[in-house]
Asker: 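Pasting a structure here, questions to come.
Fair warning: this is a prediction, and the values are worked out from it, not measured in the lab.
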Amino acid sequence: MRALAPVLALALLAPAGLRAEVREEILVIVNSHIITRRDLTQAVEQQHAALYRQFSGKELDEKLKEAREKTLQGMVDAYLLEDKGAELGSPVTDEYVRSSIDGIKKENNFATDADLERALRGSLGIGLPEFMKRQKQQATQQFVLQREVFSKVAVEDNELRAYYEDHKEEYRLPFRFRIRELVLAKGATPEEQAEARKKLDAIQAELKAGKSFEELARQYSTSPSKATGGDLGWMNKGFLRASIEDAAVKLKPDQVSAPIETDKDFYLIQLISLEDAPVKDFSEVKAKILEKLQEPKAQNAIEQYLSGLRMRANIRYLVPKETILKG
């Protein structure tokens, strides 16, 4: 009798519910999940780019094998934690992930899913469905480990407080400022530029005479901010041109800068208010510090927990593990 083709043979070994979906070689079955050669290859390739830049020769080969082994084990463990999450009633639903994706889009100014997907393919080489799958896996893993491991790792309150005092700069907010601007377009021709400079001199004279900056901005500014008297609202450092920000933060409240010239415009800046960079209160960052200090203490506990999950799971290597690790 002729031997079965490798992929078909592996398909027949897979659980009945999986057979209809098998289209490629299955390496490992983890409970009801499968890890295919393509799955592993894609995951490993993402780890390799940095290694190729740092190592070469025999050292590179060792690092690649180590990365391959860690990646394979991580994929197995991810499925074990996913199943444990389902058993524990994980709150990480598809709706939760969708909300998380919407948050990522908002933070990164992506208007549509298609915009986010283009960015994902450019940076990670994956589409949105795969990214959402990974987000759900990671959130589920965090839920399980927090409940089953981290919550049982004790960190004294005085340790948290001491870390906060020693690392306050990590929790300092960016300083922010509020300014008014008056913008004059320079124009393209020498005549237009001369006229703009003349108007600028006249505005400065009116300021010295006591006319309010806000009123002058409404009257003369060519920026859309003229509608608010030049008020740009509160902004963090890094939002405006460096020359404008540098001038603004050197002013005192209500003081007006010297003219600032750019390639197209003249600017006058008035500082409304400047806030120092405050440090977040201990109560605001306590939970994050707890996670940070728990993690190193929990490493051994995590490995023991995962070992227990592996022992109780149905993990079958359809290709010998040593063969998989050779690539």
Side-chain angles (χ1 to χ4, degrees), residues 27-51 66-110 113-153 155 285 287-310 312-313 315:
L27 301 179
V28 190
I29 297 176
V30 184
N31 294 332
S32 62
H33 310 280
I34 60 173
I35 298 174
T36 67
R37 187 170 296 279
R38 184 176 65 176
D39 294 335
L40 178 61
T41 299
Q42 288 178 340
V44 167
E45 283 176 352
Q46 293 177 17
Q47 305 294 325
H48 280 188
L51 296 177
E66 181 182 332
R68 189 176 182 86
E69 185 171 6
K70 286 183 177 179
T71 300
L72 178 60
Q73 188 62 67
M75 295 174 76
V76 171
D77 291 342
Y79 282 131
L80 297 180
L81 289 169
E82 182 179 326
D83 288 346
K84 188 64 178 179
E87 179 187 322
L88 295 173
S90 169
V92 184
T93 61
D94 290 341
E95 290 75 17
Y96 174 93
V97 176
R98 181 68 255 181
S99 176
S100 173
I101 294 299
D102 290 341
I104 291 172
K105 284 165 56 181
K106 185 175 181 180
E107 289 173 13
N108 294 276
N109 296 316
F110 294 127
D113 283 359
D115 294 334
L116 174 57
E117 178 142 21
R118 278 192 292 271
L120 290 171
R121 291 197 180 280
S123 59
L124 299 178
I126 61 174
L128 183 56
E130 177 62 23
F131 181 70
M132 292 178 69
K133 175 184 174 183
R134 294 185 187 183
Q135 289 289 101
K136 187 172 184 179
Q137 275 192 334
Q138 291 171 6
T140 301
Q141 290 173 36
Q142 281 299 111
F143 163 74
V144 174
L145 292 177
Q146 177 61 41
R147 172 168 167 167
E148 299 289 284
V149 180
F150 287 111
S151 63
K152 300 171 184 177
V153 176
V155 179
V285 298
K288 288 188 176 181
I289 296 175
L290 177 61
E291 287 182 14
K292 186 184 288 283
L293 297 187
Q294 279 179 329
E295 189 167 346
K297 291 188 174 188
Q299 287 308 307
N300 288 338
I302 289 173
E303 185 54 40
Q304 290 176 5
Y305 182 73
L306 290 173
S307 294
L309 291 182
R310 294 167 196 152
R312 294 189 294 274
I315 302 173

Asker: Are any of the side-chain heavy atoms of L72 and L27 separated by less than 4.5 Å?
Answerer: no
Asker: Strictly below 4.0 Å, N to O, side chains only: are R310 and E303 in salt-bridge contact?
Answerer: yes
Asker: Taking side-chain contact (heavy atoms from CB on, under 4.5 Å) as the criterion, tell me which of L81, I315, V76 meets it with L309.
Answerer: L81
Asker: Heavy-atom count around K105 NZ within 6.0 Å, excluding the residue itself: above 12?
Answerer: yes
Asker: Please walk me through it: do L120 and F110 pass side chain to side chain contact (heavy atoms under 4.5 Å, CB included)?
Answerer: CA-CA 11 Å; L120 290 171; F110 294 127; over 6 Å; no
Asker: I need the I34 CD1 to Y79 OH distance, nearest 0.5 Å.
Answerer: 7.5 Å
Asker: Any side-chain heavy atom of L80 sitting closer than 4.5 Å to one from N31?
Answerer: yes
Asker: With rounding to the nearest 0.5 Å, note down the distance linking CD in Q304 to CD in Q299.
Answerer: 11.5 Å
Asker: How far does CD1 of I126 sit from CD of Q42, to the nearest 0.5 angstrom?
Answerer: 9.0 Å
Asker: Can you find a pair of side-chain heavy atoms, one from F150 and one from L290, that are under 4.5 Å apart?
Answerer: no
Asker: Decide if atom NZ of K297 counts as having more than 12 heavy atoms of other residues, nucleotides or ligands within a radius under 6.0 Å.
Answerer: yes
Asker: Do K292 and K288 come within less than 4.5 Å of each other through their side chains, counting heavy atoms only?
Answerer: no
Asker: Minimum heavy-atom separation for E117 to L128, with atom names?
Answerer: OE2-N, 3.2 Å
Asker: Indicate the atoms forming the closest heavy-atom contact of R147 with K152, along with that distance.
Answerer: O-CE, 4.1 Å
Asker: Can you tell me how far apart NZ (K133) and CG (D94) are? Round to the nearest 0.5 Å.
Answerer: 12.5 Å
Asker: Output yes when R98 and D102 qualify as a salt bridge under the 4.0 Å nitrogen-oxygen rule, no when they do not.
Answerer: yes
Asker: Which distance, rounded to the nearest 0.5 Å, do you find between the CZ of R312 and the NZ of K84?
Answerer: 6.0 Å
Asker: With no hydrogens and no angle check, is any side-chain donor or acceptor of S99 less than 3.5 Å from a backbone partner on E95?
Answerer: no
Asker: What distance separates D39 CG from M75 CE, expressed to the nearest 0.5 Å?
Answerer: 5.0 Å
Asker: Would you say OH of Y96 has more than 12 non-hydrogen atoms from neighbouring residues, nucleotides or ligands within 6.0 angstrom?
Answerer: no
Asker: Return a table of donor-acceptor pairs under 3.5 angstrom between the side chains of residues 137-145 and protein atoms on other chains or two or more places apart.
Answerer:
unit_1	atom_1	unit_2	atom_2	d
Q137	NE2	E82	OE1	3.3
T140	OG1	K136	O	2.8

